[in-house]
Amino acid sequence: MSFDRLAPIYRAMEAVLAGNKLQRCRTAYLARTAKARKALLLGEGHGRFLVPLLQTNPLVQVTCVDASAGMLTQMKQALQRAGLDTDRVKFIHANALAWQPEESDYDLISTHFFLDCFTAEQLDALLAKLTTIAAPDATWIISDFSAPDHGLARLRARMILWSMYRFFRVVTRLPASHLVDYTERLQQQGFQLNARDTFEWGLLRADCWQRG
Ligand SMILES: C[S@@+](CC[C@H](N)C(=O)[O-])C[C@H]1O[C@@H](n2cnc3c(N)ncnc32)[C@H](O)[C@@H]1O
């Protein structure tokens, strides 16, 4: 699996296909990250959450883990364009499933359009690992796709998700072939859903979770 081929065009592709819709999800709960001091951004990709996080929180130290070297390059370029230096950011080029964290007590975790990359078994293993390194009162900010329960909105979402998974499986060799909902899994790990916004007929979701 690699997003390297897509990395150079990822931002443009998002702008053409989704305009500002995904960014609205990523930043929906930015205000709730104001007290964060140690953040872990997983699959952060081209840096669209990292930039506003650093701009709005002058004290946070950030670790970014991404499996794509190309995406990490895009992330660094996004910081440069925004006039932000990288001294508060640790960049880790690793597969999150195999990554051995050297630190813990992260009071903020973010996963934007990342949990949808995994199969159910992978997601279980990943969430369990992240729980061990989250602070007892950690906040977890999530953006992701979702499929509404019924009606036209469900049909629409299923068609869009079907084509998206086909595309990403061919281009990036993504292991997942369909969306696995993380909601119950995060609850089982001791997190509670504080707030959830849905957009685009329920296709897009922005969550704020709290541990403890
Ligand atoms: C769909 S993109 C989302 C990028 C960005 N977070 C966003 O909001 O658009 C998924 C990102 O997760 C990374 N990724 C996918 N699987 C991964 C894994 N197993 N370990 C680490 N990073 C991974 C990809 O390299 C890519 O940057």
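In each ligand, atom 1 is the first atom listed, and ligand 1 is the first ligand listed.
Contact atoms of ligand 1 toward G45: 4 (C), 27 (O) (distance under 4.0 Å to a heavy atom of the residue). Counting atoms of ligand 1 from 1 in the listed order, those under 4.0 Å from a heavy atom of M71 are 27 (O). Distances below 4.0 Å separate heavy atoms of F118 from the following atoms of ligand 1: 18 (C), 19 (N). Here is the list of ligand 1 atoms found below 4.0 Å of a heavy atom in S68: 25 (O). Short contacts between ligand 1 and A96, defined as distances under 4.0 Å to a heavy atom of the residue, involve ligand atoms 18 (C), 19 (N), 20 (N), 21 (C). Applying the 4.0 Å criterion to heavy atoms of N95 picks out, from ligand 1, the atoms 18 (C), 19 (N), 20 (N).
Nearest protein neighbour of atom 14 (N) of ligand 1, counting heavy atoms only, is F114 CE1, 3.7 Å. Among protein heavy atoms, atom 15 (C) of ligand 1 sits closest to M1 CE, 3.6 Å. Summary of contacts: the protein heavy atom closest to atom 11 (C) of ligand 1 is G43 O, 3.5 Å. At the shortest separation from atom 25 (O) of ligand 1 among protein heavy atoms lies D66 OD1, 2.6 Å.
Only the backbone of A94 comes within 4.0 Å of ligand 1, counting heavy atoms alone; no side-chain atom from C-beta on gets that close. Contacts between R26 and ligand 1, counted as non-hydrogen atom pairs separated by less than 4.0 Å, involve the side chain only. Both the backbone and the side chain of H112 come within contact range of ligand 1, each with a heavy atom under 4.0 Å. At a 4.0 Å heavy-atom cut-off, ligand 1 touches F113 through backbone and side chain alike.
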From CA spacing to verdict: side chain to side chain contact (heavy atoms under 4.5 Å, CB included), L6, F167
CA-CA 11 Å; L6 281 184; F167 172 78; 4.1 Å; yes
Apply salt bridge (charged side-chain N to carboxylate O under 4.0 Å, His left out) to D137 and K35, showing your working.
CA-CA 12 Å; D137 59 347; K35 289 187 183 155; over 6 Å; no
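Residue L97 has no nitrogen or oxygen atom sitting less than 3.5 Å from a nitrogen or oxygen atom of ligand 1, judged on distance alone. Between A67 and ligand 1, at least one pair of N/O atoms sits closer than 3.5 Å.
In summary, E103 and K90 engage in a salt bridge, as defined by a charged side-chain N under 4.0 Å from a carboxylate O.
In this structure, Y10 counts as a contact residue of ligand 1, since one of its heavy atoms falls inside 4.0 Å of the ligand. Under a 4.0 Å heavy-atom criterion, A7 is not in contact with ligand 1. Ligand 1 is approached by E44 to a heavy-atom distance shorter than 4.0 Å. Contact between Q122 and ligand 1 is absent, with no heavy atom of the residue lying under 4.0 Å from the ligand. For the ligand labelled ligand 1, residue W99 lies outside the 4.0 Å heavy-atom shell.
With a 6.0 Å radius and a threshold of 12 heavy atoms from other residues, nucleotides or ligands, R154 has its CZ atom above the threshold. Atom CZ of R37 has more than 12 heavy atoms from other residues, nucleotides or ligands within 6.0 Å.
Relative orientation of the W140 and F191 rings is perpendicular, given thresholds of 30° and 60° on the angle between their planes.
Under the side-chain hydrogen bond (donor to acceptor under 3.5 Å, both in side chains) rule, H46 has a single partner from E14, R11, Q77, which is E14. The salt bridge (Lys or Arg N to Asp or Glu O under 4.0 Å) test with R205 is passed by exactly one of D116, D144, D181: D181.
Between the R156 side chain and the L203 main chain, no donor and acceptor come within less than 3.5 Å of each other. For D107 (side chain) and A36 (main-chain N/O), no donor-acceptor pair under 3.5 Å exists by modelled atom type. Between the R211 side chain and the T131 main chain, a donor and an acceptor come within less than 3.5 Å of each other. Proximity of a side-chain donor or acceptor of E44 to a complementary backbone N or O of D66 within less than 3.5 Å is not detected.
Defined by atom type and a distance below 3.5 Å, a donor-acceptor pair is present between the side-chain atoms of D207 and Y182.
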